[in-house]
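Note sheet for the following structure.
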Number of protein chains: 2
Amino acid sequence: MPDLTLEDIAAKVGVSRSTVSRVLNGHPNVRKEVRERVLAAIEQTGFHPNAAARALASQRSWTIGLLLPHSVSLFFTDPYYPHLVKGIAQACNHLDYTLAFFLVDDKDDEERIFSRVSRNGFLDGVLVQSGHHGDQRIIGRLVDARIPQVVVGRPMRSDNVSYIDMDNVHAAYTAVSHLLRLGRRRIATITGPEQSTVGVDRKAGYVKALGERDLPVDPALVVEGDFTEMGGYYSMQALLAARPDAVFAASDIMAVGAIRAIHEAGLRVPEDVAVVGFDDLPLAAMTDIQLTTVRQPVVSFGYRAVELLTDLIQSGDPSPRHVIMDTKLIVRGTCGALARK
Amino acid sequence: MPDLTLEDIAAKVGVSRSTVSRVLNGHPNVRKEVRERVLAAIEQTGFHPNAAARALASQRSWTIGLLLPHSVSLFFTDPYYPHLVKGIAQACNHLDYTLAFFLVDDKDDEERIFSRVSRNGFLDGVLVQSGHHGDQRIIGRLVDARIPQVVVGRPMRSDNVSYIDMDNVHAAYTAVSHLLRLGRRRIATITGPEQSTVGVDRKAGYVKALGERDLPVDPALVVEGDFTEMGGYYSMQALLAARPDAVFAASDIMAVGAIRAIHEAGLRVPEDVAVVGFDDLPLAAMTDIQLTTVRQPVVSFGYRAVELLTDLIQSGDPSPRHVIMDTKLIVRGTCGALARK
DNA sequence: AGTATAATTGGAAGCGCTCTCAATACTCGT
DNA sequence: ACGAGTATTGAGAGCGCTTCCAATTATACT
């Protein structure tokens with residue numbers, strides 16, 4: 001039954017190849033009765049048009065790529081990624097695009113993948129999960145190759161590139177302001193890597209909130225984390241020497257590690273040290289955690305990224321666009337706000 | 001610079017289209033000097049052959065699909081998946097295949113995705129992550145459509161399908177025997193879902209180990225889990241009423257939940273209740289967990305799955321093949337074996 | 001009824017590559 | 001130096017679809 005062609009359907013129905021093609025592509029100018037006969041034949045034979053032939057003739061593959069460079073190791077520790085992928089996959093399903101998945105592991109891979117990605121006619125566009133300094137190279141190469149591209153997370157050098165990002169500065173600002181409003185004054189922070197825009201931006205929000213109250217930024221209260229639970233744990237151990245009364249962690253998973261360190265030091269959350277995380281992944285709401293955190297709409301983020309990219313592809317307009325998504329502070333137990341009631 | 005064709009390269013070098021094609025595909029019969037000139041021209045112009053045209057002419061797309069049906073929700077809670085995907089992605093890179101990613105969310109998606117997957121010429125083959133009863137339908141449809149397929153995890157009905165699986169029965173048997181050898185007699189188990197082969201097989205291993213020592217299987221010591229941390233937690237709470245002195249959890253993440261429940265009940269691990277998990281994901285080795293567990297080579301599992309599929313594709317032989325991979329018991333703190341020293 | 005106009009259809013030329021086949025160029029043995 | 005055998009090359013016919021263009025048919029309007 002396989003390997004039917006358009007022609008077979010045409011012959012079966014008694015029309016030309018062109019007409020069947022029109023039906024397939026939803027062209028308006030086909031007589032209703034003919035359209036139905038064609039559709040019936042397709043249905044009955046289980047015909048599926050050949051994707052390669054279609055792509056070749058129409059110069060559109062209806063496939064987009066997702067590149068995960070540099071973040072590979074995080075892909076396995078940070079639940080952020082599966083959620084992002086979910087949003088992206090959903091959008092692809094709804095918009096009838098296929099998603100090609102590229103995990104860039106090392107330098108060697110970059111070459112292979114780049115050549116695969118830039119094979120003409122294979123991808124209509126590319127999503128690059130990034131925000132890390134080390135990804136500039138590949139983003140630049142993609143720009144040079146004129147492959148429609150949306151960076152998921154603001155890239156370090158964002159000129160000439162379309163991207164979608166969270167309002168990280170403002171989100172962090174809100175989180176830290178919340179702690180300040182609750183009376184905390186020695187607020188520490190476990191940042192993301194300095195090499196990532198996320199790390200830089202969330203730290204900037206922290207600094208801004210302190211600055212607005214004329215509080216100094218104490219270097220002893222700032223530690224660079226790596227978005228892992230272990231990283232959060234060790235960072236917090238280091239911070240405890242400076243006797244903070246609160247900590248803002250740039251991710252939930254680091255906040256979980258931080259809480260572990262605080263408990264091990266014999267201190268209580270939130271009484272001794274208030275904690276605010278970032279992400280609002282399911283783990284944040286777990287019964288014994290109840291993390292106050294910043295909710296990022298990660299799934300919609302992925303979804304919007306695809307929409308942005310497909311818009312870009314449809315329009316053919318190469319001028320870069322930017323989308324910034326809102327976040328929201330979710331108040332739970334670890335910041336101490338609820339205990340006051 | 002883009003949209004070069006084979007012909008352009010041929011013209012530039014002064015040879016025919018065919019010769020350039022031969023160079024591109026590594027055919028032997030090309031004069032060395034010519035090959036080098038062609039290669040130089042390709043390098044210099046940055047030419048990339050059109051993937052669609054290639055696929056159309058050669059009837060091979062060098063793309064395989066990965067279908068994740070039914071397990072969607074687990075994809076976000078169980079770190080098993082990212083690791084599996086890593087192995088698959090790595091193999092694809094090395095074997096020069098592209099990976100198309102399909103997350104089957106609901107019934108509606110199944111239709112869309114199935115029609116996308118079965119578009120002729122788009123995929124050379126498909127990997128279906130499964131082992132769940134609910135996936136039979138899609139596996140069957142794929143068989144009917146004669147699309148080369150490897151099921152990752154043994155499917156419920158495994159006739160006519162190639163699959164790759166772990167030695168789950170034996171692994172569980174080993175884990176439980178280990179607990180028995182340590183003198184535990186009231187060994188409970190938190191199984192995987194009854195609807196999954198993994199759930200069924202690991203439970204079978206548990207039963208086998210007890211049987212071998214003529215111990216009865218006490219229904220009060222068997223609870224069906226769902227591979228989530230919460231599920232492990234609640235399952236363990238239920239089990240504690242039956243006063244077990246050990247528990248074998250069918251996944252690490254459930255074991256972590258179980259440990260939390262044990263601690264909350266004021267009991268110690270391993271003194272009061274020994275715990276063995278399954279997976280050996282990084283979390284198992286975390287300082288305050290030190291989980292004794294069964295190591296599954298998840299990354300290689302994914303890798304081998306791809307190898308199996310591509311072999312299948314190359315050979316064109318549709319007769320089903322099966323690969324079973326070995327697991328290994330990793331003894332750490334939670335089973336109590338180390339405390340004896 | 002007759003013409004202008006619009007809707008519908010078929011024909012045919014590609015899209016950029018692979019691959020068979022026949023033609024040409026080269027090798028070696030005698 | 002010549003023919004058999006082998007290595008190298010080019011021509012050309014597709015792969016299965018889209019899409020422009022021209023031809024045909026249906027519809028509207030006078």
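Note that the structure is predicted; figures quoted are calculated from it, not measured. Both backbone and side-chain heavy atoms feed into the values below; hydrogens, waters and symmetry mates do not.
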Next on the checklist: How many whole angstroms separate atom CD of B/Glu7 from atom C1' of D/dG12?
Outcome noted: 12 Å
Item to check | Any donor-acceptor N or O pair under 3.5 Å, side chains A/Arg54, B/Asn120 | outcome: no
Next on the checklist: Can you measure B/Phe122 atom CZ to D/dC15 atom C1' for me and round it to whole angstrom units?
Outcome noted: 18 Å
Next on the checklist: Could you check whether any side-chain N or O of B/His83 sits under 3.5 Å from a backbone N or O of B/Pro79, counting only pairs where one atom can act as donor and the other as acceptor?
Outcome noted: yes
Next on the checklist: In whole Å, I'd like the distance from the CG atom of A/Leu56 to the C1' atom of C/dG16.
Outcome noted: 6 Å
Item to check | Sequence neighbours excluded - salt bridge (Lys or Arg N to Asp or Glu O under 4.0 Å) pairs with any residue from residues 309-324 of chain B | outcome: none
Item to check | Residues in contact with DNA chain D, drawn from residues 29-39 of chain B - heavy-atom cutoff 4.0 Å | outcome: B/Asn29, B/Val30, B/Arg31, B/Val34
Item to check | Face-on cation placement of A/Arg116 at A/Phe102 ring, 6.0 Å and 45° thresholds | outcome: no
Next on the checklist: Between B/Gln136 (side chain only) and B/Met156 (backbone N and O only), is there a donor and an acceptor less than 3.5 Å apart?
Outcome noted: yes
Item to check | A/Phe47 side chain near A/Leu24 side chain, heavy-atom distance below 4.5 Å | outcome: yes
Checklist entry - What is the distance, rounded to the nearest whole Å, between atom CH2 of A/Trp62 and atom P of D/dT18? => result 12 Å
Next on the checklist: With a 4.0 Å limit, can you tell me whether A/Gln59 has a side-chain N or O closer than that to the phosphate oxygens OP1/OP2 of D/dC17?
Outcome noted: no
Identify the pairs formed between an N or O of the protein and an N or O of nucleotides 19-28 of chain D at a distance under 3.5 Å, and give each distance.
residue	atom	partner	partner atom	Å
D/dT19	O4	A/Ser18	OG	3.3

Checklist entry - Once you round it to whole Å, what is the distance between C1' of D/dC17 and NE2 of A/His48? => result 16 Å
Item to check | Short N-O contact, A/Glu7 and A/Lys12, less than 4.0 angstrom | outcome: no
Item to check | B/Arg54 CZ to D/dG14 P, straight-line distance once rounded to whole Å | outcome: 22 Å
Item to check | d(CG, A/Asn50; P, D/dG14) in whole Å | outcome: 17 Å
Checklist entry - Between A/His48 and B/Phe122, does the ring centroid distance fall short of 6.0 Å? => result no
Checklist entry - C/dG10 phosphate, OP1 or OP2: any side-chain N/O from A/Ser16 under 4.0 angstrom? => result yes
Item to check | Note: A/Asp159-A/Arg157 ion pair, threshold 4.0 Å (strictly below) | outcome: yes
Item to check | Nearest-angstrom distance from the residue atom CG of B/Asp8 to C1' of C/dC15 | outcome: 13 Å
